[in-house]
Amino acid sequence: MDDFATRLLAWYDDHGRHNLPWQRDATPYHVWLSEIMLQQTQVATVIPYYERFIESFPDIHALAGADTDAVLHHWSGLGYYARARNLHRAAKTLVSDFAGEFPADIDALQALPGIGRSTAGAILSTALGGRAAILDGNVKRVLARFHAVEGWPGKTAVAATLWQLAEQHTPESRVSDYTQAIMDLGATLCTRSKPDCQRCPQAQGCTALRLERQGEFPGKKPKKSIPTRRTHFVIAYTPKGELLLERRPASGIWGGLWCFPEVQDAKSASRYCEETLFADVAAITELPSLRHSFSHYHLEISPLLLTLSRAPTLIRERDELRFWPAKESPQVGLAAPVKRLWQEAAAVLTNSKKGDK
DNA sequence: AAGTCGGGGGA
DNA sequence: TCCCCAGACTT
């Protein structure tokens, strides 16, 4: 075991995080779920989602047998919904092909959807007693600073260097603790801004600290300007007090989630109701538009509340087009702005109903 | 190698 | 506003 791992483990025993929800009973299922939820997502954000998910799907059999809509419902607001779809697929595979047990093999783990090299390493080392390196955002930052690795980790060559260092430092014993420890170090001391080098167990050997260049590692991602796209949401309200949602295709943004139908402009919103729903529009209310930002573009959403004068009769009960009672948002996958709009629309409708009386 | 895929916290 | 977070997958 090298000095890096020795110092890290000593620090971890006293200062590491030992009470995260998925550490209390670190089964492969718990660790797997947490690792998927934690991809590109901060710990504090994940915790309530994790608790609710485990409560509804306590084990892999419950997850494998669940409806996709129920799984996506529990993921609503967390983002990167392909993670939930892949999680569900992997659960089905694990139950059908592996008797519900996780293979203690890095390649077999990586063959499951949603599990890449780092997540496979985390599951193997943390929950299955194996030895494998991980390389998440925390580890990249710690290693890039300690070894003064120049360049943005998104570059293949930089990532390869970091992976090699990660493998090199991973000890033969206490692998589980080491894996958790290096993530804890990155999350609590070796943070993105204002790292607490005074308390760091690796201060002695850290090259970035010696050069006083902590802020330069890891190298920054080259920034690109992102476009703004505009869309209108059709919020169709029936006399029965229902709102219409449309299931989005499995691929693309908000894949598999339910959303208000999208149209180009206000005129096509009425046409949509007449031609697709075979319904007459009694009133149109423009709700305040909202701006929703993704990593690669901004979306300007203009919501249009269309009150239908009679029930849309000719809609076949299509799987991808359904009405739901406006009272409470449905138990399916809803993107964050859709969930927000649902509540706003429901509030507007409640108030206007009161006003009528 | 570059693009796609969310949403929120922190500065 | 900007950056990035316990990344994986597609093109």
Side-chain angles (χ1 to χ4, degrees), chain A residues 16-17 20-23 30-50 72 75-87 89-90 109-123 125-127 133-142 144 152-160 162-163 166 179-188 190-194 215 218-228 248-257 259 290-299 333-340:
Chain A
R17 297 174 294 183
L20 295 169
W22 42 91
Q23 293 178 314
H30 290 163
V31 170
W32 170 52
L33 175 63
S34 72
E35 287 299 328
I36 301 301
M37 284 189 164
L38 287 162
Q39 287 169 5
Q40 297 292 289
T41 312
Q42 295 180 350
V43 170
T45 302
V46 163
I47 288 175
Y49 283 87
Y50 176 86
L72 287 171
W75 214 271
S76 293
L78 196 56
Y80 283 148
Y81 300 95
R83 293 183 295 175
R85 299 194 304 273
N86 287 334
L87 186 84
R89 272 205 299 149
L109 288 170
Q110 269 192 83
L112 293 166
I115 299 180
R117 183 175 176 184
S118 186
T119 300
I123 297 170
S125 62
T126 306
I134 63 163
L135 190 63
D136 63 7
N138 290 312
V139 180
K140 286 174 186 168
R141 192 168 51 253
V142 169
W152 173 52
K155 288 288 185 182
T156 306
V158 178
L162 291 171
W163 268 113
T179 300
Q180 188 60 48
I182 194 167
M183 288 190 286
D184 285 4
L185 185 67
T188 62
C190 196
T191 49
R192 179 160 65 98
S193 61
K194 291 191 289 184
K220 285 173 185 163
K221 174 182 182 168
K223 61 176 167 187
K224 291 178 179 149
S225 61
I226 59 178
T228 297
R248 302 181 66 92
S251 64
I253 200 79
W254 298 334
L257 276 65
C259 186
L290 52 146
R291 184 182 173 85
H292 188 76
S293 291
F294 300 99
S295 42
H296 49 305
Y297 65 92
H298 301 290
L299 187 63
L334 298 177
V338 175
K339 194 169 210 168
R340 197 175 314 140

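Here is the naming used below: chain letters follow the sequence lines, and residue numbers restart at 1 for every chain.
- Among the atoms of the strands shown, none is found under 4.0 Å from any heavy atom of A:Gly186.
- If you take CG of A:Leu135 and C1' of C:dA8, they are 14 Å apart, rounded to a whole angstrom.
- A sub-4.0 Å separation between OP1 or OP2 of B:dG3 and a side-chain N or O of A:Lys224 is present.
- At the heavy-atom level, A:Ser295 lies under 4.0 Å from base atoms of the strands shown.
- Counting any heavy atom pair closer than 4.0 Å across all strands shown, A:Ala82 reaches no nucleic acid atom.
- The phosphate of B:dA2 (OP1 or OP2) has a side-chain N or O of A:Lys155 nearer than 4.0 angstrom.
- For the pair A:Arg141 and C:dC5, the criterion of a side-chain N or O lying under 4.0 Å from OP1 or OP2 is met.
- Comparing the C1' positions of C:dA8 and B:dG9 gives an interatomic distance of 23 Å, to the nearest angstrom.
- Nucleic acid contact for A:Ala335: sugar-phosphate only, since backbone atoms but no base atoms lie under 4.0 Å from a heavy atom of the residue.
- Residue A:Thr119 has a polar side-chain atom (N or O) positioned under 4.0 Å from OP1 or OP2 of C:dA8.
- Between the side chain of A:Arg17 and the main chain of A:Ala187, no donor-acceptor pair closer than 3.5 Å is present.
- A donor-acceptor contact shorter than 3.5 Å links the side chain of A:Arg85 to the backbone of A:Ala250.
- Note on A:Tyr297: every side-chain N or O is 4.0 Å or more away from OP1 and OP2 of B:dC5.
- What separates CD1 of A:Ile253 from P of C:dT10 is a distance of 16 Å, to the nearest Å.
- Residue-to-nucleotide proximity on DNA chain B shows that, of A:Tyr80 and A:Lys194, the 5′-proximal contact is made by A:Tyr80.
- Pairing of B:dG6, defined by two Watson-Crick or G-U wobble distances under 3.5 Å, is not identified with any nucleotide.
- A:Val43 comes within 4.0 angstrom of a nucleotide base, judged by non-hydrogen atoms across all strands.
- Taking atom P in both B:dC5 and C:dT1, the straight-line distance is 22 Å, to the nearest Å.
- Per the geometry, CZ belonging to A:Phe294 stands 11 Å off P belonging to B:dG8, to the nearest Å.
- Mapped onto DNA chain C by nearest heavy atom, A:Gln110 and A:Arg17 fall at different nucleotides, with A:Arg17 at the one closer to the 5' end.
- With distances taken from any side-chain atom of A:Gln42 to the nucleotides B:dG9, C:dG7, B:dG7, the minimum falls on B:dG9.
- Separating the CD atom of A:Gln39 from the P atom of C:dA6 is a distance of 12 Å, rounded to the nearest angstrom.
- The backbone N or O of A:His298 sits nowhere less than 3.5 Å from a side-chain atom of A:Arg291 that would complete a donor-acceptor pair.
- OP1 and OP2 of C:dA6 both lie 4.0 Å or more from every side-chain N or O belonging to A:Trp22.
- Counting any heavy atom pair closer than 4.0 Å across all strands shown, A:Leu20 reaches a base atom.
- Of the candidate nucleotides C:dA6, B:dG6, B:dC5, B:dC5 has the atom nearest to the side chain of A:His296.
- Each of A:Thr45 and A:Gly79 was assigned the nucleotide of DNA chain B with the nearest heavy atom; the assignment lying further toward the 5' end belongs to A:Gly79.
- Across the protein-nucleic acid pair, A:Asp184 atom CG and C:dA6 atom P stand 11 Å apart, rounded to whole Å.
- Closest to the A:Gln180 side chain, of the nucleotides C:dA6, B:dG7, C:dG7, is C:dA6.
- Among the heavy atoms of the strands, none lies under 4.0 Å from A:Gly154.
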Kindly determine whether A:Trp22 and A:Leu33 satisfy side-chain contact (heavy atoms from CB on, under 4.5 Å), including the steps that lead there.
-> CA-CA 9 Å; A:Trp22 42 91; A:Leu33 175 63; over 6 Å; no
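- Atom CE in A:Met37 sits roughly 14 Å away from atom C1' in B:dG6 (whole-Å rounding).
- A:Arg340 has its CZ atom 6 Å from the P atom of B:dG8, to the nearest Å.
- Using P as the reference atom, B:dA11 and C:dA6 are 14 Å apart when rounded to the nearest Å.
- Among the candidates A:Val139, A:Ile123, A:Ile134, the single residue satisfying the side-chain contact (heavy atoms from CB on, under 4.5 Å) test with A:Ser118 is A:Ile134.
- Ring-plane geometry between A:Phe294 and A:Tyr297 is classed as tilted, the angle between the planes lying from 30 to 60 degrees on a 0 to 90 degree scale.
- Considering only side-chain N and O atoms, A:His292 lies under 4.0 angstrom from the phosphate OP1 or OP2 of B:dG7.
- Between the A:Arg141 side chain and the A:Cys190 main chain, a donor and an acceptor come within less than 3.5 Å of each other.
- A distance of about 15 Å separates the P atoms of B:dG6 and C:dT11, rounded to the whole Å.
- In this structure, A:Lys223 reaches the sugar-phosphate backbone alone: every heavy-atom distance under 4.0 Å involves primed, P, OP1 or OP2 atoms, never a base.
- Closest contact between the side chain of A:Thr41 and the listed nucleotides C:dC4, B:dG6, C:dA6 involves B:dG6.
- Here the P atom of nucleotide B:dG8 and the NZ atom of A:Lys339 are 11 Å apart, to the nearest Å.
- Side-chain N or O atoms of A:Tyr81 include none that pairs as donor or acceptor with a backbone N or O of A:Ser76 at under 3.5 Å.
- Of the side-chain N and O atoms in A:Gln40, one or more sit less than 4.0 angstrom from OP1 or OP2 of C:dG7.
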